[in-house]
Asker: 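Let me begin by handing over the structure; questions about it come next.
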Amino acid sequence: MLREIIKTKDGSDTILIPSQKITYHSIYGAVQESKHVFIEAGLNYFLENNKEHICPSIKIFEMGFGTGLNALLTLQEAIQHQHKIFYQTIELFPLNENEISLLSYNDIFFDDKYFHQLHHCDWEKDIAIYPLFIFHKIKNSFLNYSTNQLFNIIYYDAFAPEDQPELWTEEIFAKLFSMLLPKGVLVTYCSKGNVRRALLAAGFSVEKIPGPPHKREMIRARKLIGIR
Ligand SMILES: C[S@@+](CC[C@H](N)C(=O)[O-])C[C@H]1O[C@@H](n2cnc3c(N)ncnc32)[C@H](O)[C@@H]1O
């Protein structure tokens, strides 16, 4: 599959799959979108709403490691705010060496050290990228994946429902619901009606919230079962 590195409008890189006209992030700004959808609406929202129950470690699951941008921004938060984070991510089509060498997120960290560690570390192992940030990459399809582990936050970053309808079904959301701890939060850039309905059918409480620039809305879904 041919993939190209392109610049988005905020100056940050993303990947384009020309044959399918799919990009890994918004063309209006990859970093801007990731910060808005996953860091602000996901991680920071969770922290803000769980101040009384600060867990020893915040457990995050990401669907689709891709460029590693969400992981890199989360690592930056862990370092700046001294959050202890366990970050697990799954990827079926990892980038190749050439693509990794052409991508750069130098605006996030001065050098590419952490970016390369995230991409080059072993799969299927817990790796301390930074003492407070334990990283675990799984090479598999999320469709075949199951786990007993429980997470506080899910970054749901699959390709859009038009491109990968099999990843936006009630069955998939039921699996994600079972992977969340009570009060857990799932965030995604998508705000489509059928996605909201599938999330509701799987048991989530669902809200539409403002999306990143050039996208009116996004979804935040929560696991409120058993919470008063
Ligand atoms: C929208 S991109 C997001 C990537 C990433 N979060 C980033 O910031 O670059 C979707 C990612 O999901 C991966 N993917 C597609 N189908 C998958 C599957 N069935 N299981 C796991 N990963 C998959 C793609 O290869 C791609 O890296």
Side-chain angles (χ1 to χ4, degrees), residues 1-8 10 12-43 60-77 85 87-105 107-109 112 114-116 118-119 123-124 135-147 151 153-169 171-173 175-176 179 186-192 195 211-212 215 218-219:
M1 182 191 359
L2 182 71
R3 297 185 286 213
E4 282 173 18
I5 314 294
I6 59 164
K7 283 259 176 261
T8 64
D10 68 359
S12 57
D13 288 349
T14 193
I15 291 183
L16 165 73
I17 306 176
S19 57
Q20 294 166 267
K21 297 192 172 68
I22 293 178
T23 53
Y24 280 33
H25 305 95
S26 161
I27 54 162
Y28 296 105
V31 166
Q32 179 178 261
E33 178 187 49
S34 287
K35 277 190 175 163
H36 181 102
V37 175
F38 301 106
I39 304 301
E40 294 304 331
L43 174 61
I60 299 177
F61 179 83
E62 176 187 35
M63 162 53 215
F65 173 62
T67 61
L69 177 56
N70 292 337
L72 199 64
L73 288 168
T74 305
L75 169 62
Q76 185 186 42
E77 292 292 306
I85 293 179
Y87 194 102
Q88 182 163 301
T89 184
I90 189 164
E91 176 57 59
L92 185 57
F93 308 109
L95 302 189
N96 62 39
E97 277 309 316
N98 186 46
E99 291 162 337
I100 295 168
S101 72
L102 292 172
L103 266 177
S104 171
Y105 291 110
D107 288 352
I108 300 172
F109 286 107
D112 286 338
Y114 292 124
F115 175 76
H116 284 285
L118 292 171
H119 280 279
W123 296 86
E124 327 297 341
F135 183 64
H136 189 117
K137 271 190 308 193
I138 296 159
K139 192 168 174 214
N140 197 353
S141 169
F142 186 62
L143 294 171
N144 304 328
Y145 177 72
S146 66
T147 179
F151 299 88
I153 305 168
I154 293 175
Y155 295 169
Y156 202 68
D157 204 8
F159 291 129
E162 311 83 90
D163 305 308
Q164 287 195 299
E166 69 282 7
L167 283 170
W168 300 87
T169 62
E171 191 191 348
I172 285 289
F173 291 132
K175 174 154 79 175
L176 291 159
M179 289 167 58
L186 176 150
V187 274
T188 179
Y189 63 88
C190 181
S191 64
K192 291 225 151 60
V195 170
K215 185 144 197 324
M218 58 166 277
I219 290 177

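Atoms within a ligand are numbered from 1 in the order they appear, just like the ligands themselves. Residues: numbered from 1 along the sequence shown.
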Asker: When only distance counts, is S34 in polar contact with ligand 1, meaning an N/O pair under 3.5 Å?
Answerer: no

Asker: Looking at atom 24 (C) of ligand 1, what's its closest protein heavy atom, distance included?
Answerer: E91 OE2, 3.4 Å

Asker: State whether the side chain of E33 and the backbone N or O of H25 hold a donor-acceptor pair below 3.5 Å, judged by distance alone.
Answerer: no

Asker: Any N or O of G64 that comes nearer than 3.5 Å to an N or O of ligand 1?
Answerer: yes

Asker: Side chains of F151 and L186: does their closest heavy-atom pair fall under 4.5 Å?
Answerer: no

Asker: Check for me whether the distance between the ring centres of F142 and F61 falls short of 6.0 Å.
Answerer: yes

Asker: Give me the nearest non-hydrogen protein atom to atom 2 (S) of ligand 1 as residue plus atom name, then the distance to 0.1 Å.
Answerer: F159 CE2, 3.5 Å

Asker: At what distance is the nearest protein heavy atom to atom 9 (O) of ligand 1, and which residue and atom is it?
Answerer: T67 OG1, 2.6 Å

Asker: In the protein, what heavy atom is nearest to atom 19 (N) of ligand 1, and what distance, to one decimal place, separates them?
Answerer: S141 OG, 3.0 Å

Asker: To the nearest 0.5 Å, what is the distance between CD on Q88 and NZ on K137?
Answerer: 13.0 Å

Asker: May I ask you to identify the nearest protein heavy atom to atom 15 (C) of ligand 1, giving residue, atom name and distance to one decimal place in Å?
Answerer: Q164 NE2, 3.3 Å

Asker: Are R3 and I17 packed together at the side-chain level, in the sense that at least one heavy-atom pair is separated by less than 4.5 angstrom?
Answerer: yes

Asker: Around N144, counting heavy atoms of other residues, nucleotides and ligands shown, do more than 12 lie under 6.0 Å from its CG?
Answerer: yes

Asker: For N140, which part has a heavy atom under 4.0 Å from ligand 1: side chain, backbone, both, or neither?
Answerer: backbone

Asker: Is F142 close to ligand 1, meaning an N/O of one under 3.5 Å from an N/O of the other?
Answerer: yes

Asker: Carefully, step by step, assess Y87 and E62 under the rule side-chain hydrogen bond (donor to acceptor under 3.5 Å, both in side chains).
Answerer: CA-CA 8 Å; Y87 194 102; E62 176 187 35; 3.0 Å; yes

Asker: Testing the basics here: between L167 and Y156, what is the closest heavy-atom pair and its distance to 0.1 Å?
Answerer: O-OH, 2.5 Å

Asker: Test your reading of the structure: does T23 have an N or O sitting under 3.5 Å from an N or O of ligand 1?
Answerer: no

Asker: So which of I5, D13, I15, L95 actually passes side-chain contact (heavy atoms from CB on, under 4.5 Å) with L102?
Answerer: I5

Asker: In terms of residue, atom name and distance, what is the protein heavy atom nearest to atom 10 (C) of ligand 1?
Answerer: D157 O, 3.1 Å

Asker: Is the closest side-chain heavy-atom distance between D112 and Y105 below 4.5 Å?
Answerer: no

Asker: For atom 23 (C) of ligand 1, what is the nearest protein heavy atom, given as residue, atom name and distance?
Answerer: M63 CE, 3.4 Å

Asker: Could a heavy atom of E62 be found less than 4.0 Å from some atom of ligand 1?
Answerer: yes

Asker: Would you check the N or O atoms of H25, main chain and side chain alike, for any that come under 3.5 Å of an N or O of ligand 1?
Answerer: yes

Asker: Taking only heavy atoms of F65, which atoms of ligand 1 are found under 4.0 Å from at least one of them?
Answerer: 5 (C), 6 (N), 7 (C), 9 (O)

Asker: If you measure from each non-hydrogen atom of Y145 to ligand 1, which part falls under 4.0 Å: side chain, backbone, both or neither?
Answerer: neither

